[in-house]
K.L.:
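Got a structure for you, written out below as structure tokens; questions coming shortly.
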Amino acid sequence: MIKLFLNDDHIDVNSTRSVASMIYLAVVGVCVFIIQPGFVQGLVETLGLSPEEAGYIASVEMWGLALTTILLNLFAHKYNWQKLTFWFLMIAVVGNLASISQTDIVTLGITRAITGIGLGGMISLPFAMMGLTKNPDRNFGFLVVWVLVYGAIGMFIIPKSLEVIKLDGILLFLALFCAVGILLIRNLPKRAGDHVEENQLTDHFSIITKSATLLSILTFNTAIGIVWAYIFLVGINGGMEEQTIANVITFSQFLGIAGAFIAAMLANKIGRGVPLLLSILGCGAGVSFLLNDISYFMYSLAIYLFNFTWNIAQPYLLAVMSSFADGGKMIVRGVSMQMIGFAIGPYVGATLLAAEGPDMYFRVNLAGALLFVVSGLLMIPALKDQK
């Protein structure tokens, strides 16, 4: 059956069909994470989990993603990428379907971990494929744009969806969304050698530079994981209405789209250093606005700045990884660090929330803000060497 969805012909990774397929599958890879604030809220509302328990479920799923991305470092270059994509999509479909109607927290954790294993493949492989294209800065920018379009729509309709179709309906949609990706496998390259042009840079970078870059990716995404999983509950704790929070996050997604589009348009025109460092620090600045008393104005300002700068930074971070020009190995490693960060973040946040008190969300947001600063400092060696 799998042969029906594969293609033995040579694939031009720079073709519109191939790039569009990579983008769709990359959106599949983050289809839960990008709506995680609403998904976590659904776990709390629908299943009656505590915020800490919901955070641990989110963390388990992210660890599933992280496990796959780590393992792909070892064998992604040895196997047919089209076949790997098929099996990872099937795992994600099964995991989402198995999560439907689960009320036991242990069983739910297992099914979400299985889902994460499948989705992890859909993050690593399409991102590695995109890194082989001749203009990764621009293509990663458009990839992030479409991720955010999905996220904006998803966050806007989640409150009403939880009322109408409940969490089970959302899980069914996620299963179908993953299944559609199977139809696009034939447009993907089969391995790193299936590309038209080599990146201009060569792999001459030191171990120190590579290690600092990977640590930067890890700290950046740990900060994202800490902040993003609880961004909805921070608003609830500040006395805001659910739909109001959803509206703020939805609008911030459109600002994120603008940020990613700016990154795509500026690709290769002004360099990466200044916009990347400013956007990383901008994430920290946005989160810092949540350290004081939460009002509608301050919450909105924080989320808008955070999402806008996050999605300027993301395409540049991915392009930095692809510019090590080692057949996609560093970008797969970078995605591993990204997923580990996404997994560590909600766990760290849940641990900080466990010590309840009036400042429990203050601790969460302070940890995120500080890690963004660390990430920016660690990225400097790679930006200097690649310049």
Side-chain angles (χ1 to χ4, degrees), residues 26-44 47 49-73 88 91-92 94-96 98-99 102 105-127 147 150-151 154-155 167 170-171 174 177-178 214-215 217-233 283 310 314 317-318 332-354 364 367-368 371 375:
V27 176
V28 167
V30 296
C31 66
V32 178
F33 173 75
I34 201 65
I35 59 170
Q36 194 177 72
F39 191 79
V40 168
Q41 181 65 13
L43 293 173
V44 173
L47 301 184
L49 303 184
S50 68
E52 299 96 300
E53 290 172 331
Y56 288 132
I57 292 293
S59 179
V60 165
E61 182 166 345
M62 291 300 105
W63 274 113
L65 274 82
L67 175 63
T68 299
T69 59
I70 292 170
L71 292 177
L72 282 173
N73 282 293
F88 282 126
I91 292 171
V94 170
N96 277 310
S99 299
Q102 292 294 345
I105 189 172
V106 175
T107 304
L108 181 62
I110 293 172
T111 59
R112 296 320 298 165
I114 292 171
T115 306
I117 289 172
L119 295 179
M122 289 306 91
I123 292 177
S124 292
L125 292 173
F127 280 46
V147 166
Y150 165 89
M155 285 304 304
L167 190 61
I170 293 174
L171 290 168
L174 292 171
F177 188 67
C178 295
L214 292 173
L215 284 174
I217 298 292
L218 176 63
T219 53
F220 180 84
N221 290 288
T222 298
I224 294 292
I226 291 173
V227 174
W228 187 241
Y230 295 100
I231 208 74
F232 206 107
L233 296 177
C283 291
W310 171 15
Q314 190 68 17
L317 289 170
L318 294 167
V332 172
R333 293 169 188 164
V335 171
S336 296
M337 293 298 103
Q338 183 181 43
M339 293 303 104
I340 292 171
F342 286 167
I344 293 174
Y347 182 85
V348 171
T351 302
L352 294 172
L353 287 177
V364 169
L371 284 175
S375 174

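Residues take their numbers from the sequence shown, with the count starting at 1. Both backbone and side-chain heavy atoms feed into the values below; hydrogens, waters and symmetry mates do not.
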K.L.:
Could you pull out the closest heavy-atom pair between L371 and A223, with the gap in Å?
P.N.:
CB-CB, 3.7 Å

K.L.:
Please name the pair of heavy atoms, one in V28 and one in C178, separated by the smallest distance, quoted to 0.1 Å.
P.N.:
CG1-SG, 3.8 Å

K.L.:
Given side-chain contact (heavy atoms from CB on, under 4.5 Å), test C283 with F220 step by step and report yes or no.
P.N.:
CA-CA 9 Å; C283 291; F220 180 84; 4.2 Å; yes

K.L.:
Could you tell me the separation between the CD1 atom of I217 and the CZ atom of R333, rounded to the nearest 0.5 Å?
P.N.:
13.5 Å

K.L.:
Looking only at heavy atoms, what is the nearest atom pair of L72 and S124, with distance?
P.N.:
CD1-CB, 3.4 Å

K.L.:
List the residues meeting side-chain contact (heavy atoms from CB on, under 4.5 Å) with Y56, not counting sequence neighbours, and say none if there are none.
P.N.:
E52, Y347, A350, T351

K.L.:
Quick one: pull up CD1 in I226 and CD1 in I231 and give me the separation to the nearest 0.5 Å.
P.N.:
12.0 Å

K.L.:
Using side-chain contact (heavy atoms from CB on, under 4.5 Å), reason through T68 and I123 one step at a time and then give a plain yes or no.
P.N.:
CA-CA 9 Å; T68 299; I123 292 177; over 6 Å; no

K.L.:
Excluding sequence neighbours, so at least two apart, what forms side-chain contact (heavy atoms from CB on, under 4.5 Å) with T115?
P.N.:
E61, N96, S99, R112, L119

K.L.:
Search all heavy atoms of I34 against all heavy atoms of P37 and return the closest pair with its distance.
P.N.:
O-CD, 4.4 Å

K.L.:
Write down the atom of Q36, the atom of A229, and the distance for their closest heavy-atom approach.
P.N.:
OE1-CB, 3.4 Å

K.L.:
Less than 4.5 Å apart, any side-chain heavy atom of V27 and any of F177?
P.N.:
yes

K.L.:
Considering residues at least two apart in sequence or located in another chain, which fulfil the side-chain contact (heavy atoms from CB on, under 4.5 Å) criterion with L47?
P.N.:
L43, L49, L108, L167

K.L.:
What distance do Q41 atom CD and M155 atom CE have between them, rounded to the nearest 0.5 Å?
P.N.:
9.0 Å

K.L.:
Specify the closest pair of heavy atoms between L233 and P51, including all atoms of both residues, with the distance to one decimal.
P.N.:
CD1-CB, 3.7 Å

K.L.:
Measure the spacing between OG1 of T219 and CG of L214 and express it to the nearest 0.5 Å.
P.N.:
10.5 Å

K.L.:
Out of the candidates F39, F342, W310, only one should pair with W228 under the ring-ring contact (aromatic ring centres under 6.0 Å, His included) rule; please name it.
P.N.:
W310

K.L.:
Please check: side-chain N/O of S59 versus main-chain N/O of G55, any donor-acceptor pairing under 3.5 Å?
P.N.:
no

K.L.:
To the nearest 0.5 Å, tell me how far I57 CD1 sits from Q102 CD.
P.N.:
10.5 Å

K.L.:
Taking the side chain as every heavy atom from C-beta outward, state whether L318 and F127 have any pair of such atoms under 4.5 Å apart.
P.N.:
yes

K.L.:
Nearest 0.5 angstrom please: I340 CD1 to I344 CD1, how far?
P.N.:
6.5 Å

